[in-house]
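Working notes, structure below.
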Amino acid sequence: MGEGTVAPARVAPVRPRRVRPPAATATVTLTVNGRPVEATVEVRKTLADFLREDLGLTGTHLGCEHGVCGACTVLLDGAPVRSCLLFAVQAAGHTVTTVEALSTGETLHPLQEAFRRHHGLQCGFCTPGILMSAYALLRDHPHPTDAQVLETLGGHLCRCTGYQGIVDAVLAAAGTAAAGTVGAEPPTG
């Protein structure tokens with residue numbers, strides 16, 4: 001080597017790492033709208049996609065897919081959750097309730113009927129998620145304050161209604177809670 005040149009550094013050979021690929025699928029068992037479900041799903045599939053694509057429950061809507069808009073809200077063991085932020089495998093062993101469980105055939109749930117009467121929806125895209133959160137609110141607080149309703153709705157985005165119709169509908173449905181029609185477990189059949 002000539003003057004001013006540097007000898008190349010000796011580098012140890014890189015050994016390939018043994019990385020076990022993750023399981024691509026898993027079998028999950030859960031209860032959806034009162035019915036037992038067992039299915040094999042991709043481990044990366046969201047609960048929202050599982051409900052819509054695998055079970056055909058398209059009432060759960062996907063808006064932002066970041067948990068911000070609330071359109072994908074379902075109940076997991078009775079608590080409102082964003083189904084776009086959960087993997088289907090995380091719901092294994094749990095109970096999931098979607099908006100489809102609220103009505104019985106053609107008969108609307110009293111909360112849904114209140115939304116209809118009080119113009120609590122326009123395009124309807126956000127409505128399923130709002131209904132599920134409002135359902136949980138009325139189950140836990142049969143006579144909510146305005147502040148409780150507003151806090152519940154704070155986790156949902158609606159671009160159409162201006163929210164007043166939604167607030168009115170939830171408060172009107174609360175009036176039927178004393179009769180046990182709102183907040184009772186949704187039908188499972």
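Residues that satisfy the side-chain contact (heavy atoms from CB on, under 4.5 Å) test with Leu153, not counting sequence neighbours, are Ile130, Val149, Ile166, Val167. Annotation: side-chain contact (heavy atoms from CB on, under 4.5 Å) contacts of Ala26 (sequence neighbours excluded): Val43, Val89. Among residues two or more places apart in sequence or in another chain, the side-chain contact (heavy atoms from CB on, under 4.5 Å) test is passed with Gln148 by Leu137, His141, Pro144, Thr145. With sequence neighbours excluded, the residues that form a salt bridge (charged side-chain N to carboxylate O under 4.0 Å, His left out) with Arg44 are Glu42. Every residue meeting the side-chain hydrogen bond (donor to acceptor under 3.5 Å, both in side chains) condition with Thr27, not counting sequence neighbours, appears here in chain and number order: Thr40. The side-chain contact (heavy atoms from CB on, under 4.5 Å) search around Ser133 returns Thr73, Pro80, Thr152, His156, not counting sequence neighbours. Partners of Arg116 under the salt bridge (charged side-chain N to carboxylate O under 4.0 Å, His left out) rule, at least two apart in sequence or in another chain, are Glu113.
Interatomic distance, CE of Met132 versus CG of Leu76, reported as 11.0 Å (0.5 Å rounding). Summarising the geometry, atom SG belonging to Cys158 is positioned 8.5 Å from atom CG belonging to Leu121; distances are rounded to the nearest 0.5 Å.
Inter-residue side-chain proximity for Leu86 and Thr46 is flagged as unmet; no heavy-atom pair is nearer than 4.5 Å. For the pair Val37/Phe50, a side-chain contact is recorded, criterion being any heavy-atom separation below 4.5 Å from C-beta on. Side-chain contact check for Leu47 versus Gln90: every heavy-atom pair is 4.5 Å or farther apart.
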Would you give me the side-chain donor-acceptor pairs under 3.5 Å for residues 53-60, sequence neighbours excluded?
| residue | atom | partner | partner atom | Å |
| --- | --- | --- | --- | --- |
| Glu53 | OE1 | Lys45 | NZ | 3.2 |
| Asp54 | OD1 | Lys45 | NZ | 2.7 |

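Between Ala88 and Val28 the shortest heavy-atom distance is O-CG1, 4.1 Å. Summarising the geometry of Leu85 relative to Gly67, their closest heavy-atom pair is CD1-CA, 3.7 Å, with the distance given to 0.1 Å. In this structure, Thr97 and Asn33 approach most closely via the heavy-atom pair CA-OD1, 3.3 Å. The two residues Pro110 and Ala173 make their nearest non-hydrogen contact at O-CB, 4.5 Å. Taking each heavy atom of Cys72 and Ser83 in turn, the nearest pair found is O-OG, 2.7 Å.
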Test log, rule side chain to side chain contact (heavy atoms under 4.5 Å, CB included), inputs Leu75 and Val96: CA-CA 6 Å; Leu75 303 182; Val96 176; over 6 Å; no
Test side chain to side chain contact (heavy atoms under 4.5 Å, CB included) applied to Leu138 and Val170, step by step: CA-CA 8 Å; Leu138 294 176; Val170 174; 4.3 Å; yes
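A donor-acceptor pair under 3.5 Å is absent between the side-chain atoms of Arg82 and the main chain of Glu65, judged by distance alone.
Side chains of Gln122 and Thr161: a donor-acceptor N/O pair is absent below 3.5 angstrom, by distance only.
Residue pairs satisfying the ring pair (Phe, Tyr, Trp, His ring centres under 6.0 Å) criterion with at least one member in residues 84-105, sequence neighbours excluded, are absent. Applying the side chain to side chain donor-acceptor pair (under 3.5 Å) test to pairs two or more places apart or on separate chains, those with a residue in residues 162-171 are Gln164-Asp168. Among pairs with a residue in residues 145-160, none fulfils salt bridge (charged side-chain N to carboxylate O under 4.0 Å, His left out), at least two apart in sequence or across chains. Residue pairs meeting the ring pair (Phe, Tyr, Trp, His ring centres under 6.0 Å) criterion with at least one partner in residues 59-80, sequence neighbours excluded, are His61-Phe125.
Transitive grouping of hydrophobic side chains (ILVMFWY, heavy atoms separated by less than 4.5 Å) brings Leu171 and Leu150 into a common cluster.
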